[in-house]
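Before we start, here is the structure in question, set down as C-alpha cells.
Bear in mind the structure is a predicted one, so any value in this text is a computation, not a measurement.
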Amino acid sequence: MAIYHINNKILDINNRVIIDGNNNSIKISQSELRILISFISMSTKVWNKDELLQQGWPNSIVVINSLTVAISNLRKVFKDANIIISHKGIGYSLNADTKISQINTQPSDQLNELAPPKIKTTKPLIINAIIFISILFFMFSLWFYYTWNYTYV
C-alpha cells in the first residue's frame, strides 16, 4: 500500500482518496490519480498536455478538455490553485514548493501497477503500409496502362 504526504494532505493510492487535515476523504477518479502519480514520479518535470493525456487516459482518445477538468479537480481537492502550475502553450508541472514524502509502502511496485502500459508506436507500421499500397497502386497502374494500350491496338 502506497501512501504519500503531499503538503498537508494524504494520498492513499489503493483507495484513490485524498485525506485532508480534518480526516475528510475525497475520492478522485482513476485518471486524476494517474496524472497525480505522474507528477509525483517526476516532480520537477514540465509535462506537456499530450503526455498527461496519455498518462491519464491510456489507450483512449479523449479531448484536451478532459485534462483541463482533471487538473481543475485536483486543484480543488488540494484547495490550492498553485499546486499545479500551468505553463502556457506547454503543459503543467507540480509546484516546486510542494512537499512530497512517501509514508508507507509494502509492495514497492504500487506506482507501476497504476502506471499506464507502455504503448508501442504504430507510426512506422502505418508509413510502411502507405508505401506498400502506393507501390501496389503504381504497379497496377503500369500493368493496366500496358495491358490496355497493347491489347486493343
(message) For N23, give me all partners under side-chain contact (heavy atoms from CB on, under 4.5 Å), at least two apart in sequence or on another chain.
(response) I19
(message) Give me the atom names and distance for the closest heavy-atom approach of K9 to V77.
(response)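 For K9 and V77, the tightest heavy-atom pair comes out as CE-O, 3.4 Å.
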(message) Suppose the criterion is salt bridge (Lys or Arg N to Asp or Glu O under 4.0 Å): which pairs have a residue in residues 61-71, not counting sequence neighbours?
(response)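 Listed by first then second residue: nothing to list.
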(message) Using side-chain heavy atoms (C-beta onward) and a distance below 4.5 Å, is I83 in contact with L94?
(response) yes
(message) Could you report the tightest heavy-atom contact between S38 and W47, atom names first, then the distance?
(response) O-CZ2, 3.1 Å
(request) May I ask you to test the L74-Y92 pair for a side-chain heavy-atom distance under 4.5 Å? (result) no
(message) Would the distance check show the side chain of R16 and the main-chain N or O of I28 forming a donor-acceptor pair, the cut-off being under 3.5 Å?
(response) yes
(request) Linking directly or through intermediates, with side-chain heavy atoms under 4.5 Å: list the remaining ILVMFWY members grouped with I90, chain and number order. (result)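 Direct or chained contacts put I90 with V46.
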(message) According to side-chain hydrogen bond (donor to acceptor under 3.5 Å, both in side chains), who are the partners of S86, at least two apart in sequence or on a separate chain?
(response)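 Only R75 meet the side-chain hydrogen bond (donor to acceptor under 3.5 Å, both in side chains) criterion with S86.
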(request) Could you tell me the separation between the OG atom of S29 and the CD1 atom of I35, rounded to the nearest 0.5 Å? (result)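 Those atoms lie 7.5 Å apart.
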(message) Can you give me the closest heavy-atom contact between I40 and L11, atom names plus distance?
(response)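 Minimum heavy-atom contact is CD1-CD2, 3.7 Å.
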(request) Sequence neighbours left out, what passes side-chain contact (heavy atoms from CB on, under 4.5 Å) with L136? Give chain and number order. (result) F132
(request) With sequence neighbours excluded, tell me which residues meet side-chain contact (heavy atoms from CB on, under 4.5 Å) with I131. (result)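 If we apply the side-chain contact (heavy atoms from CB on, under 4.5 Å) test to I131, skipping adjacent residues, the hits are I127, I135.
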(request) Could you tell me which non-hydrogen atom of S93 sits nearest to which non-hydrogen atom of F39, and how far apart they are? (result)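 Of all heavy-atom pairs spanning S93 and F39, the closest is CA-CE2, 3.8 Å.
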(request) Look only at the side chain of S72 and the backbone of T68, and say whether a donor-acceptor pair between them is shorter than 3.5 Å. (result) no
(request) Write down the atom of V17, the atom of K27, and the distance for their closest heavy-atom approach. (result) CG1-CD, 3.9 Å
(request) Would you please name every residue forming a ring-ring contact (aromatic ring centres under 6.0 Å, His included) with F137, sequence neighbours left out? (result) none
(request) To the nearest 0.5 Å, tell me how far I37 CD1 sits from Q55 CD. (result) 9.5 Å
(message) Listing request: all salt bridge (Lys or Arg N to Asp or Glu O under 4.0 Å) pairs with a residue in residues 43-56, at least two apart in sequence or in separate chains.
(response)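 Checked against salt bridge (Lys or Arg N to Asp or Glu O under 4.0 Å) - neighbours excluded - the pairs reaching residues 43-56 are K45-E51.
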(request) Only counting residues at least two apart or in another chain, list the ones meeting side-chain contact (heavy atoms from CB on, under 4.5 Å) with K79. (result) D20
(message) If I take atom CD1 from residue I13 and atom CG from residue L33, how far apart are they, to the nearest 0.5 angstrom?
(response) 6.0 Å
(request) Could you list the residues that satisfy side-chain hydrogen bond (donor to acceptor under 3.5 Å, both in side chains) with N73, not counting sequence neighbours? (result) E32
(request) Over all heavy atoms of both residues, which pair between G56 and S31 is shortest? Give the atoms and the distance, please. (result)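 Looking at all heavy atoms of both residues, the shortest contact is O-CB, 3.2 Å.
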